[in-house]
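Heavy atoms only: backbone and side chains are in, while hydrogens, waters and symmetry mates are out. Below, chain A is the first sequence line, B the second, and so on; all start at residue 1. Note that this is a predicted model, so its numbers are computed, not measured.
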Protein chains: 2
Amino acid sequence: MLSNSSKYAIKGVIYLALNSNEDHKVMVREIYEVIHVPEAYLAKLLQELSRHHVISSVRGPKGGFYLSQEDQKRTLMDIVKVIDGEKKVNSCVMGVNTCDRSNPCVLHKLVGSNKARFISVLEHTTILDLIESKQEFEAFFPF
Amino acid sequence: MLSNSSKYAIKGVIYLALNSNEDHKVMVREIYEVIHVPEAYLAKLLQELSRHHVISSVRGPKGGFYLSQEDQKRTLMDIVKVIDGEKKVNSCVMGVNTCDRSNPCVLHKLVGSNKARFISVLEHTTILDLIESKQEFEAFFPF
DNA sequence: CATAAAAAGGATAAAAATATCTTTTAATCT
DNA sequence: AGATTAAAAGATATTTTTATCCTTTTTATG
């Protein structure tokens with residue numbers, strides 16, 4: 001459902017949400033040490049998100065990645081779309097080509113309603129939503 | 001969430017449920033033509049299921065794969081466990097190692113409740129359950 | 001302006017998932 | 001028994017995903 005890459009990306013963005021802003025940018029090196037995602041790979045993922053304006057970045061000394069106010073309004077789905085691509089996320093649970101949300105197959109009914117809910121969560125949860133329950137997060141942060 | 005392999009396997013088993021029994025075994029060749037899964041690959045998956053006694057098979061002429069009465073009582077999860085392995089299905093949506101159903105991480109709360117439901121469906125839906133709504137199925141069969 | 005810091009980009013490598021091919025084994029039917 | 005059929009098993013190939021490495025570009029600062 002979610003690729004590892006997407007999970008990594010989400011972890012990274014959460015880290016940024018909790019630890020960065022326009023005036024305090026963060027290097028990949030700092031992030032990967034905390035969230036345990038391979039440095040170079042995380043860099044690639046964050047670059048990709050930055051290219052698609054899901055997060056922000058600045059090169060050079062004192063540069064790094066960060067979330068702008070606007071970035072915080074992005075949803076989890078925005079991240080997943082960039083990393084996994086839209087098709088993959090929305091495709092039928094059973095890989096039935098002729099089957100989609102409007103014309104669901106039988107397993108869709110069984111299993112797909114959960115997927116629909118899952119997707120709905122991704123679409124409606126913003127980064128801001130996530131960090132609002134920051135306290136709870138801390139307990140869990142050693143990802 | 002579900003690998004392609006698991007999906008293929010489920011499709012195959014559903015085909016068997018609808019078209020086979022102890023006295024009428026079915027060859028891979030017949031199945032793959034209907035459900036559009038690569039023949040040799042489907043064979044591998046069915047062999048694996050057979051080895052784990054999720055489905056039944058007999059070699060030689062008049063042989064093939066089929067579901068016994070007992071086999072029909074298997075759940076979707078039985079299939080998925082054989083093909084994907086248990087760990088993979090039950091692991092945290094976010095790949096958080098220290099996180100499981102009893103000690104959920106924050107994203108677990110958001111996203112994982114759906115996953116829990118999804119798993120519950122897999123665990124509680126038997127092949128028999130599926131084919132009881134056979135009529136609906138037929139509309140959808142060109143997988 | 002030189003230098004160093006940091007992301008961006010390109011190319012490559014490793015691992016996992018998916019798929020195919022070949023050989024072996026077992027059952028059935030002359 | 002021998003021939004044939006079909007699955008089981010094993011070996012190999014391809015593709016996709018994940019991961020690393022190395023070079024280039026950008027930018028802040030001394």
Side-chain angles (χ1 to χ4, degrees), chain A residues 1-13 16 20 22-33 35-67 71 80 82-85 87-89 91 95, chain B residues 1-12 16 20 22-33 35-67 80 82-85 87-89 91 95:
Chain A
M1 203 93 113
L2 283 189
S3 69
N4 281 330
S5 298
S6 274
K7 292 175 194 174
Y8 291 171
I10 292 174
K11 289 183 192 181
V13 172
L16 288 178
S20 81
E22 209 119 15
D23 301 320
H24 178 71
K25 303 175 186 82
V26 162
M27 293 195 300
V28 176
R29 169 145 293 141
E30 175 182 334
I31 308 176
Y32 98 90
E33 281 171 349
I35 68 175
H36 307 113
V37 171
E39 182 175 9
Y41 195 56
L42 178 62
K44 273 273 184 293
L45 295 171
L46 293 181
Q47 282 165 25
E48 196 72 7
L49 290 176
S50 180
R51 275 206 309 125
H52 287 83
H53 308 290
V54 174
I55 68 177
S56 305
S57 64
V58 169
R59 292 174 173 192
K62 300 277 163 189
F65 294 94
Y66 67 99
L67 296 195
D71 294 338
V80 173
V82 167
I83 304 299
D84 284 349
K87 253 181 256 163
K88 204 174 154 187
V89 188
S91 64
Chain B
M1 205 94 112
L2 283 189
S3 69
N4 282 331
S5 299
S6 275
K7 292 174 194 176
Y8 291 170
I10 291 174
K11 288 183 192 182
L16 288 178
S20 81
E22 208 118 16
D23 301 320
H24 179 69
K25 304 177 185 79
V26 164
M27 290 195 301
V28 176
R29 170 145 292 139
E30 176 183 333
I31 309 176
Y32 97 91
E33 280 171 350
I35 69 175
H36 307 112
V37 172
E39 184 176 7
Y41 194 55
L42 179 60
K44 269 275 182 292
L45 296 171
L46 294 182
Q47 282 165 25
E48 197 72 8
L49 290 176
S50 180
R51 274 205 311 125
H52 287 82
H53 308 289
V54 175
I55 68 177
S56 305
S57 65
V58 169
R59 292 176 173 190
K62 298 280 164 188
F65 294 94
Y66 68 100
L67 296 195
V80 174
V82 168
I83 304 299
D84 283 350
K87 253 181 256 164
K88 204 174 155 189
V89 188
S91 64

If I take atom [atom1] in residue [X] and atom [atom2] in nucleotide [N], what distance separates them, rounded to the nearest angstrom?
X     : N      : atom1 : atom2 : result
B:F65 : D:dA6  : CZ    : C1'   : 9 Å
A:L46 : C:dG9  : CG    : C1'   : 15 Å
A:Y41 : C:dA15 : OH    : C1'   : 12 Å
B:Y66 : C:dA27 : OH    : P     : 12 Å
A:R51 : C:dA8  : CZ    : P     : 10 Å
B:L42 : D:dA9  : CG    : P     : 16 Å
B:E39 : C:dT22 : CD    : C1'   : 14 Å
B:M27 : C:dT28 : CE    : P     : 15 Å

Check whether any side-chain heavy atom of A:Y66 lies under 4.5 Å from a side-chain heavy atom of A:H24, and answer yes or no.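 Not in contact.
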
Non-hydrogen side-chain atoms of A:V82 and A:L45 separated by less than 4.5 Å: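 When only atoms from C-beta onward are counted, A:L45 and A:V82 do not touch, as no gap falls below 4.5 Å.
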
Taking atom types as modelled and ignoring hydrogens, do the side chains of B:S5 and B:Y41 form a donor-acceptor contact shorter than 3.5 angstrom?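 Looking only at side-chain atoms, B:Y41 and B:S5 do form a donor-acceptor pair, the distance falling under 3.5 Å.
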
Please list, pair by pair, any protein nitrogen or oxygen found under 3.5 Å from a nitrogen or oxygen in nucleotides 26-30 of chain D.
| from | atom 1 | to | atom 2 | distance (Å) |
| --- | --- | --- | --- | --- |
| D:dT26 | O4' | A:R59 | NH1 | 2.6 |

Is the phosphate of [N], meaning OP1 or OP2, less than 4.0 Å from a side-chain N or O of [X]?
X     : N      : result
B:S5  : C:dT18 : yes
A:S57 : C:dA8  : yes
B:S50 : D:dA8  : yes
A:Y8  : D:dA19 : yes

With sugar-phosphate meaning primed atoms plus P, OP1 and OP2, does [X] contact a base, only sugar-phosphate, or nothing at under 4.0 Å between heavy atoms?
X     : answer
B:K44 : base
A:R29 : nothing
B:V37 : nothing

Exercise: identify the closest heavy-atom pair between A:L42 and A:Y8: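 That would be CD1-O, 4.3 Å.
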
Classify the side chain of A:Q47 versus the base of C:dA8 as yes if they form a donor-acceptor pair under 3.5 Å and no if they do not.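 Indeed there is one.
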
Side chain of B:N4 (C-beta onward), nearest among C:dT18, C:dA6, D:dT18: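 Of the options given, the side chain of B:N4 lies nearest C:dT18.
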
Backbone of A:L67 reached by a side-chain donor or acceptor of A:S20 within 3.5 Å: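 Side chain of A:S20 to backbone of A:L67: a pair is present.
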
Checking B:K62 against B:K25 for the side-chain contact (heavy atoms from CB on, under 4.5 Å) test, could you report, in this order, the C-alpha distance in whole Å, the side-chain angles of both residues, the deciding distance, and whether it holds? CA-CA 7 Å; B:K62 298 280 164 188; B:K25 304 177 185 79; over 6 Å; no

Going through the checks in order, is the side-chain contact (heavy atoms from CB on, under 4.5 Å) test met by B:I10 and B:V80? CA-CA 8 Å; B:I10 291 174; B:V80 174; 4.2 Å; yes

